[in-house]
Undergrad: 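Take this structure first; my questions come after.
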Amino acid sequence: MNLSCSLWQDNSMSVKQFAFTKFCYITEQCFFSFTLILFMFLASLTGNALIALAIWTNPVLHTPMYFFLANLSLLEIGYTCSVIPKMLQSLVSEARGISREACATQMFFFSFLGISECCLLAAMAYDRYIAICSPLHYAARMSRGVCAQLAMISWGVGCMVSLGQTNYIFSLDFCGPCEIDHFFCDLPPILALACGDTSHNEAAVFVVAILCISSPFLLIIASYGRVLAAVLIMPSPEGRRKALSTCSSHLLVVTLFYGSGSVTYLRPKASHSPGVDKLLALFYTVVTSMLNLIIYSLRNKEVKAALWRTLWEKKVLSHG
């Protein structure tokens, strides 16, 4: 389907209106995709909101691990909301257009929340490392102030890096075509539409991916290497089981999130395929968010107990 581009004139012609390509072409397939993605989106949105609420309202969960988990839930809510609603609209209507400003805004929030999550997962790994390897110093090293600083650094790094990267990309001219071969304004498909030489922008995206994906991932692997060594020499089988259960959940979340992100942003440009990129993006924007909810939260007995208490209190208040 050929779409006409709206243009504005200053020193050069530049696209001011983009449009996403169709995600599917068969009506039944579109309806099935819409239903499935909507279900996962609502499940993730509702679950993460309830978990964040349960943690904030239950004093027993006011510990560093659950503080970071509540932040992770908030990031997941924003992360999915920045992408999925527009994709759902594109699946059931022909309204697939997006203005240049809206596209830049979507890119900023998606990058901001994604980078913040990368940093936060590293902070969570550090928390588990201190808890298991230096339990006597845990209260001092992971005080409320330290946890707040680590969370603020995670959010702040994501905001600053995303702001600079989005501004750098949208300072380019886009001469057409205006059709984004994706379902949201991700960096590689937007760069593919830019006029002229984009090698510096592509290098910047690669460097950011190295710093914000590979570096936190290596820190996490180093932390869990030390954790595993400490767990294996624990005298208590119950202590080993509990530590391994918590850490294995976190590692599975990390593998899903960093793995799909690494394949997307650290692959050579020549190996990019629109179809593969869309499937990967669908995985790390929709599927991992819902799996994170199940793996890291709902497998945790304390979170489930707090969640049921929160729901019960709401039920009592609504009938009171």
Side-chain angles (χ1 to χ4, degrees), residues 68-69 71-76 78-80 82-83 106-129 150-169 182 184-192 198-225 227 247 249-273 276-289 291-292 295-296:
F68 290 128
L69 182 55
N71 274 268
L72 181 64
S73 292
L74 294 176
L75 284 170
E76 290 285 7
Y79 190 65
T80 52
S82 68
V83 173
Q106 186 184 58
M107 180 183 287
F108 166 74
F109 279 105
F110 172 78
S111 300
F112 160 40
L113 296 164
I115 292 169
S116 297
E117 186 165 336
C118 287
C119 297
L120 189 72
L121 288 171
M124 294 170 79
Y126 176 72
D127 169 65
R128 291 299 85 203
Y129 161 69
L150 289 172
M152 285 191 291
I153 289 170
S154 298
W155 289 79
V157 167
C159 182
M160 289 187 291
V161 172
S162 179
L163 187 62
Q165 189 164 248
T166 303
N167 184 63
Y168 193 31
I169 289 175
H182 215 306
F184 72 99
C185 293
D186 202 3
L187 285 76
I190 294 297
L191 277 176
T198 60
S199 57
H200 293 297
N201 301 82
E202 290 164 7
V205 170
F206 185 79
V207 169
V208 167
I210 289 288
L211 293 175
C212 297
I213 296 178
S214 298
S215 298
F217 183 66
L218 291 175
L219 287 172
I220 290 169
I221 294 300
S223 295
Y224 277 108
V227 166
C247 295
S249 296
H250 188 194
L251 276 175
L252 190 50
V253 170
V254 165
T255 302
L256 292 170
F257 187 72
Y258 285 97
S260 54
S262 297
V263 173
T264 299
Y265 297 107
L266 296 175
R267 288 202 334 264
K269 183 181 177 181
S271 66
H272 277 266
S273 161
V276 173
D277 288 347
K278 288 176 188 176
L279 286 175
L280 283 170
L282 190 63
F283 188 78
Y284 64 71
T285 55
V286 185
V287 179
T288 56
S289 180
L291 290 178
N292 289 354
I295 293 166
Y296 202 70

Undergrad: List for me each residue that meets side chain to side chain donor-acceptor pair (under 3.5 Å) alongside Asn201, sequence neighbours excluded, and say none if there are none.
TA: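 With sequence neighbours excluded, Asn201 shows a side chain to side chain donor-acceptor pair (under 3.5 Å) to no residue whatsoever.
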
Undergrad: With rounding to the nearest 0.5 Å, note down the distance linking CG in Leu163 to CZ in Phe112.
TA: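 Interatomic distance, Leu163 CG to Phe112 CZ, rounded to 0.5 Å: 10.5 Å.
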
Undergrad: Taking the side chain as everything from C-beta on, heavy atoms only, tell me whether Tyr265 gets closer than 4.5 Å to Asp186.
TA: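 Yes. Closest side-chain heavy atoms under 4.5 Å.
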
Undergrad: Does Phe68 have any ring-ring contact (aromatic ring centres under 6.0 Å, His included) partners at least two apart in sequence or in another chain, and if so, which?
TA: none

Undergrad: Strictly distance-based, threshold 3.5 Å: is any side-chain N or O of Glu117 a donor or acceptor partner for the main-chain N or O of Leu72?
TA: no

Undergrad: Over all heavy atoms of both residues, which pair between Leu191 and Thr198 is shortest? Give the atoms and the distance, please.
TA: O-CG2, 4.0 Å

Undergrad: Among all residues two or more places apart in sequence or in another chain, which pass the ring-ring contact (aromatic ring centres under 6.0 Å, His included) test with Phe184?
TA: Phe110, His182

Undergrad: Around atom CZ of Phe109, are there more than 12 heavy atoms of other residues, nucleotides or ligands at under 6.0 Å?
TA: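 Atom CZ in Phe109 is not packed in, count stays at 12 or less.
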
Undergrad: Got Tyr168 and Gln165 here, is their nearest side-chain heavy-atom distance under 4.5 Å?
TA: no

Undergrad: Could you tell me which residues satisfy side chain to side chain donor-acceptor pair (under 3.5 Å) with Tyr129, sequence neighbours excluded, listed by chain and number?
TA: none

Undergrad: Just wondering, do Ile153 and Cys119 contact through their side chains at under 4.5 Å, heavy atoms?
TA: no

Undergrad: Which heavy atom of Gly158 sits nearest a heavy atom of Ser116, and at what distance?
TA: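 What the structure gives for the nearest pair is CA-OG, 3.5 Å.
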
Undergrad: Donor-acceptor pairs under 3.5 angstrom involving side-chain atoms of residues 213-220: please list them, not counting sequence neighbours.
TA:
unit_1 : atom_1 : unit_2 : atom_2 : d
Ser215 : OG     : Ile210 : O      : 3.4
Ser215 : OG     : Leu211 : O      : 3.4

Undergrad: Between Val227 and Arg128, what is the shortest heavy-atom contact and its length?
TA: CG2-O, 4.1 Å

Undergrad: Can Leu113 and Trp155 be said to form a side-chain contact (heavy atoms from CB on, under 4.5 Å), step by step?
TA: CA-CA 8 Å; Leu113 296 164; Trp155 289 79; 4.2 Å; yes

Undergrad: Determine the minimum heavy-atom distance between Ile115 and Ser162, stating which atoms define it.
TA: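 That would be CD1-N, 4.4 Å.
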
Undergrad: Enter the distance from Leu150:CG to Leu120:CG here, rounded to the nearest 0.5 Å.
TA: 9.0 Å

Undergrad: Shortest non-hydrogen contact from Ser289 to Glu76?
TA: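 For Ser289 versus Glu76, the nearest heavy atoms are OG-OE1, 3.2 Å.
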
Undergrad: Between Tyr224 and Val254, is the side-chain contact (heavy atoms from CB on, under 4.5 Å) condition met? List the steps.
TA: CA-CA 11 Å; Tyr224 277 108; Val254 165; 5.7 Å; no

Undergrad: Could you pull out the closest heavy-atom pair between Leu266 and Ala209, with the gap in Å?
TA: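 Heavy atoms of Leu266 and Ala209 come nearest at CD2-CB, 3.6 Å.
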
Undergrad: Hey, could you give me the CG/CG distance between Asp277 and Leu282, rounded to the nearest 0.5 Å?
TA: 12.5 Å

Undergrad: Under the salt bridge (Lys or Arg N to Asp or Glu O under 4.0 Å) rule, what pairs show up with a residue in residues 199-209, not counting sequence neighbours?
TA: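 For residues 199-209, and leaving out neighbouring residues, the salt bridge (Lys or Arg N to Asp or Glu O under 4.0 Å) pairs sorted by first residue read Glu202-Lys269.
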
